[in-house]
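Here is the structure we will look at.
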Amino acid sequence: MLDPKFLRDELAQTAQRLATRGYTLDVDAIAAFEAQRKVLQASTQDLQNERNVRSKSIGKAKASGQDIAPLLAEVGELGDKLDAAKAELTELLANIDAITAGIPNLPHESVPVGKDEEDNVEVSRFGTPTTFDFEAKDHVDISAGLSNGLDFDTASKLTGSRFVVMHSHVASMHRALAQFMLDKHTREHGYAEVYVPYLVNSDSLYGTGQLPKFGEDLFHTKPATEEGQGLSLIPTAEVPLTNIVRDSIIDETQLPIKMTAHTPCFRSEAGSYGRDTRGLIRQHQFDKVELVQVVKPEDSFAALEALTGHAESILQALELPYRKMNLCTGDMGFGACKTYDLEVWLPAQNTYREISSCSNMVDFQARRMQARYRAKGAKKPELVHTLNGSGLAVGRTLVAVLENYQRADGSVVVPTVLRPYMNGLEVIPAQ
RNA sequence: GGAGAGGUGGGUGAGUGGCUGAAACCAGUUCCCUGCUAAGGAACCGUACGUUAAUUCGUACCGAGGGUUCGAAUCCCUCCCUCUCCGCCA
């Protein structure tokens, strides 16, 4: 959510900046609603003041034994007028809320202006794309030669499409990857490990920006109605981790807060029917190790660089070739002010694919969550800045390892850093 | 799931219809006294929105949402959460 004052005062400028990300701000509607709001709010408060004053005088009159009947008669129609004004104001505020809650974040000035992923800007590259002196297989074919490591048929029997069952060494490598990531972030990068619920309420989803606009991307435990309090499966650990600081005022000395969690993530993938139907790339359920930081406003852009570096360090340790992209205005997520995507090299697809997305949300989520901190000596608490990033998506990392570490005989080498987590196994043998 | 008790400001905790935006204590901030590895005294000390020259004034908020009333932290209803006992269970 944007600063309502800024939105009001800099309406034209806001509209212009939002246009770069393909969002059309209804300037006229907002201006009209705001003008109404100001008048209506003032008049409603005046009515309330009058009622308070009169009620108080009734109380005093009664206490001193006077007859209060005439006073009561005077107040008669005040209540009706007040109720009407309140109702009108409530409706107006709801209308304004509906608009502002759906406005995406403003892009940072360092974000390239562009329409879609074609306009993202490559920042850096690590490693050189893996090449083979045999025809590279994709992870589905590779795993088929490894005791059916990835078993999509059984998963579709159990549940449906876009789910997977993993077997034996592949399952254990999947676990090893998550363990390795958590260990690295907690031991080397200063993140505190956190275990969180996988079901969250709608307040949490509103706080991080999934609601009210993107409810259809989530799995809900019961139909999400307007009043519904049904729980939803988390689409990312960003939701529970970030909402830990919702509705709280943090002492300055507690910042920065750096948290990491390994969780499954559940996404309905409603808008991607034909895309990535093969393999592990786009699943309804996947594991991810998430990084979240809560920082002081002046630190957030430096924190984004650091956090992205933490995610990169996993790819580097696994010696997977990747590139770092600065997302353009048109390709960024709803709440992001600036985002780096990390894209890993997938030989079979002969391309780079997203494996991590690291964003600085600045005060966008903090304002929705009312997450603030108090600086020493400051009278007013100030909104914190929040950041999050995948460190990394475990399923896609498994894909990248299988494809980049495959050998001509169908076996797959286990990356050195994972071997301690896999009982010293050096190679997953072909069947 | 059953029975009972509760949810008040950073913390503890008063407050059952008006003089309570909220006692008291602790923590915190500032000042005074004192000079020493302590203590004593005083003041300040919630958040948001609107308004103002202003820390001025106004409005709202005592788990959330409704209701009763001229007036609700206080009464009624619904929901959420916490605690105790019982049941069940990984």
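What you are looking at is a predicted structure, and each value in this text was computed from that prediction instead of being measured. Per chain, numbering begins at 1; letters A, B, ... match sequence-line order.
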Return one dot-bracket line describing RNA chain B 5' to 3' (Watson-Crick or G-U wobble pairs, both distances under 3.5 Å; ( ) same strand, [ ] crossing, | another strand, . none). ((((((((.[[[..)..(.....]]].(((((.......))))).(((((......))))).[[[[[..)....]]]]])))))))....
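- For B:rA3 and B:rC77, the P atoms lie 16 Å apart once the distance is rounded to whole Å.
- In this structure, A:F219 has its ring center under 6.0 Å from that of A:H284.
- Residue A:R372 has its side chain nearest to B:rU47 when only B:rU59, B:rU47, B:rG71 are considered.
- The listed nucleotides are B:rU47, B:rG71, B:rG18; the one nearest the side chain of A:I249 is B:rU47.
- Relative to the six-membered ring of A:F286, A:R396 misses at least one condition, a distance below 6.0 Å or an angle of at most 45° to the axis.
- For A:K5, the side-chain atoms get nearest to B:rG50 when compared with the rest of B:rC70, B:rG50, B:rA48.
- In this structure, A:D80 atom CG and B:rG71 atom P are separated by 10 Å, rounded to whole Å.
- B:rA60 atom C1' lies 15 Å from atom CG of A:L40, rounded to whole Å.
- Candidate nucleotides B:rA60, B:rG58, B:rA48 were compared by shortest atom distance to the side chain of A:P381, and B:rA48 ranks first.
- When the nucleotides B:rC70, B:rU59, B:rU51 are ranked by their closest atom to the side chain of A:K38, B:rU51 comes out on top.
- Formation of a donor-acceptor pair under 3.5 Å by the A:H220 side chain with backbone atoms of A:G215 is found in this model.
- At a threshold of 4.5 Å between non-hydrogen side-chain atoms, the residues A:V113 and A:R21 do not count as touching.
- In the set B:rU51, B:rC70, B:rC49, the nucleotide with an atom closest to the side chain of A:Q45 is B:rC49.
- Per the geometry, CG belonging to A:L89 stands 20 Å off P belonging to B:rG58, to the nearest Å.
- Annotation for A:D116: atom CG counts as buried by contact number, over 12 foreign heavy atoms lying within 6.0 Å.
- In this model, a donor atom of one side chain and an acceptor atom of the other lie less than 3.5 Å apart for A:S110 and A:K338.
- A straight line from CZ of A:R37 to P of B:rA60 spans 17 Å, rounded to a whole angstrom.
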